[in-house]
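A quick write-up on the structure given underneath.
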Amino acid sequence: MNKHPVTVWPSGKVVEVSENESLYTQLKEAGFGIKSKCGGCASCGDCILVIKSGDENLNEPSFEEKQLLGNVFHLTKERLSCQTKVSGAITVDISMHADAPAKKAKAVRRSREEADKVLEDRRAEGVEKRKNKVHKLGGGKKPKAFSFHDEEEK
Ligand code: FES
């Protein structure tokens with residue numbers, strides 16, 4: 001099984017990949033974050049990467065890939081990484097995927113902070129309401145004053 005070097009931009013790291021598996025699978029195994037909704041089935045179109053050099057060392061685009069991206073590789077230099085197999089040295093740019101996990105984590109953190117703030121506000125509001133509430137015992141009725149004279153007269 002032959003291995004071929006893939007230089008991954010923007011980090012500049014070099015990964016050795018085999019001819020038999022897709023670039024998507026091997027880059028994921030190497031720890032690179034590649035967006036995908038379909039998990040490599042050529043239906044979402046999220047796993048796009050840009051081929052910087054070595055496009056002669058790639059397989060021909062599949063029918064599904066051409067349907068998603070069109071037949072304009074010679075202009076865009078974009079391929080679906082889940083449909084791409086490598087047979088020589090190439091350089092790819094995955095900068096469009098690099099910030100995806102960080103953005104997602106930031107969005108999750110922000111929504112948690114907002115939820116915490118709302119909860120804190122509600123708690124503070126509840127404490128204020130409780131402080132201002134007048135507690136009426138006995139259903140709010142004023143008890144009658146007790147006197148011995150009332151009973152003696154009867
Ligand atoms: S992973 Fe969905 S199209 Fe490649």
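Below, all heavy atoms of this structure are taken into account, side chains as well, without hydrogens, waters or symmetry copies. Whatever order the structure lists ligands and atoms in, that order sets their numbers, starting from 1.
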Ligand 1 atoms nearer than 4.0 angstrom to some heavy atom of S43 are 3 (S)
Open item on the list: Taking the basic N atoms (NZ, or NE/NH1/NH2) and the acidic carboxylate oxygens, is any pair closer than 4.0 Å for E21 and K85?
Closed with: no
For K35 and H97 the tightest heavy-atom approach is N-ND1, 3.0 Å
Residues E78 and V50: closest non-hydrogen pair is CG-CG2, 4.1 Å
- request: Could you confirm whether C41 has any N/O/S atom lying under 2.8 Å from atom 4 (Fe) of ligand 1?
  value: no
Note: ligand 1 atoms sitting under 4.0 Å from heavy atoms of S36 are 1 (S)
for atom 3 (S) of ligand 1, nearest protein heavy atom and its distance come out as G45 N, 3.2 Å
Note: S81, heavy atoms under 4.0 Å from ligand 1, region reported as neither
Counting from 1 in the order shown, the ligand 1 atoms closer than 4.0 Å to a non-hydrogen atom of A42 are 3 (S)
The answer for which part of C44 has a heavy atom under 4.0 Å from ligand 1 is both
Within 4.0 Å of some non-hydrogen atom of G40, the atoms of ligand 1 are 1 (S)
Under 4.0 Å from one or more heavy atoms of C38, ligand 1 contributes atoms 1 (S), 2 (Fe), 3 (S)
Q83 versus S62, side-chain donor and acceptor atoms under 3.5 Å
yes
| request: Any chance you could lay out the side chain to side chain contact (heavy atoms under 4.5 Å, CB included) test for K77 and D55, step after step, and finish with the verdict? | output: CA-CA 8 Å; K77 299 290 179 190; D55 49 330; 3.2 Å; yes
* Hey, are S81 and T84 close enough side-chain-wise for a donor-acceptor pair under 3.5 Å? -> no
From the list D93, L49, V92, side chain to side chain contact (heavy atoms under 4.5 Å, CB included) partner of W9 resolves to D93
- Please confirm if an N, O or S atom belonging to C47, backbone or side chain, lies less than 2.8 Å from atom 4 (Fe) of ligand 1. yes
